[in-house]
Amino acid sequence: MIENNLRYCREELKMTQKELGFILGVSPQTISNWETGYDPITLHRLVRFCNLYNYSLDFVCGITRKNIKYDKIAVLDAKAIGKKLKKLRKILKITQDKFVNKCGIHRTTYNHYETGYSIIKTMAAYSICKTYKVSMDWLMGKK
């Protein structure tokens, strides 16, 4: 879904893959790979795209069908995202094992996300948000 919406947004902006690649600091081939689903867009570049063009993460990722008013995310903070992941898991009252099994994420990898040791990958965040019906905008920084 992300790849379709990313292409839709780029075309809505009347921008070529070459132009978007220049802005995001990648090749047109990389943009093509993101739009065809061959490679996932990195979370940093996805947030940068959304910040530049006022698209919500939820819209670009296909979590919502409407682009809502978007509050820019100043910085991706691995520890803050980790705290939100832990908060979500506590609200759901489930163990890490149960949480990751439902999303298809390796437990050790998820533990690195939850502890803030590493920034979550785009597809892992998408999987969590779709599985547990939470906002990607919220997970990445909105209050």
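Please read all numbers here as calculations on a predicted model, not as lab measurements.
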All pairs passing salt bridge (charged side-chain N to carboxylate O under 4.0 Å, His left out) where residues 106-116 contributes a residue, at least two apart:
Arg89-Glu114, Asp97-Arg107
pair Phe49-Leu6: side-chain heavy atoms closer than 4.5 Å
yes
With sequence neighbours excluded, tell me which residues meet side-chain contact (heavy atoms from CB on, under 4.5 Å) with Met15.
Arg10, Leu13, Glu19, Leu20, Ile23, Tyr53
Beyond-backbone contact of Ile120 with Leu85, side-chain heavy atoms, under 4.5 angstrom:
yes
Sorted by first residue and then second, give each ring-ring contact (aromatic ring centres under 6.0 Å, His included) pair with at least one member in residues 2-39; sequence neighbours left out.
none
All salt bridge (Lys or Arg N to Asp or Glu O under 4.0 Å) counterparts of Glu11, not counting sequence neighbours
Arg7
Among all residues two or more places apart in sequence or in another chain, which pass the side-chain contact (heavy atoms from CB on, under 4.5 Å) test with Lys98?
Ile94, Thr95
Looking at residues at least two apart in the chain, or sitting in another chain, which of them share a ring-ring contact (aromatic ring centres under 6.0 Å, His included) with His44?
none
Test of understanding: with side chain to side chain donor-acceptor pair (under 3.5 Å), list the residues that count as partners of Asn101, not counting sequence neighbours.
none
For Thr122, side chain to side chain donor-acceptor pair (under 3.5 Å) partners two or more places apart
none
Evaluate the side-chain proximity of Leu24 to Thr30: yes if any heavy-atom separation is below 4.5 Å, no if none is.
no
Listed once per pair and sorted, the salt bridge (charged side-chain N to carboxylate O under 4.0 Å, His left out) pairs that draw on residues 45-68, sequence neighbours left out
none
Does some side-chain heavy atom of Leu46 sit less than 4.5 Å from a side-chain heavy atom of Cys61?
yes
Pairs satisfying salt bridge (charged side-chain N to carboxylate O under 4.0 Å, His left out), at least one member in residues 116-129, at least two apart:
none
Sequence neighbours excluded, the answer for side-chain contact (heavy atoms from CB on, under 4.5 Å) partners of Asn111 is Gln96, Thr115
For residues 80-114, pull every pair meeting ring-ring contact (aromatic ring centres under 6.0 Å, His included), keeping only residues two or more places apart or in separate chains.
Phe99-Tyr110, Phe99-Tyr132, His112-Tyr117
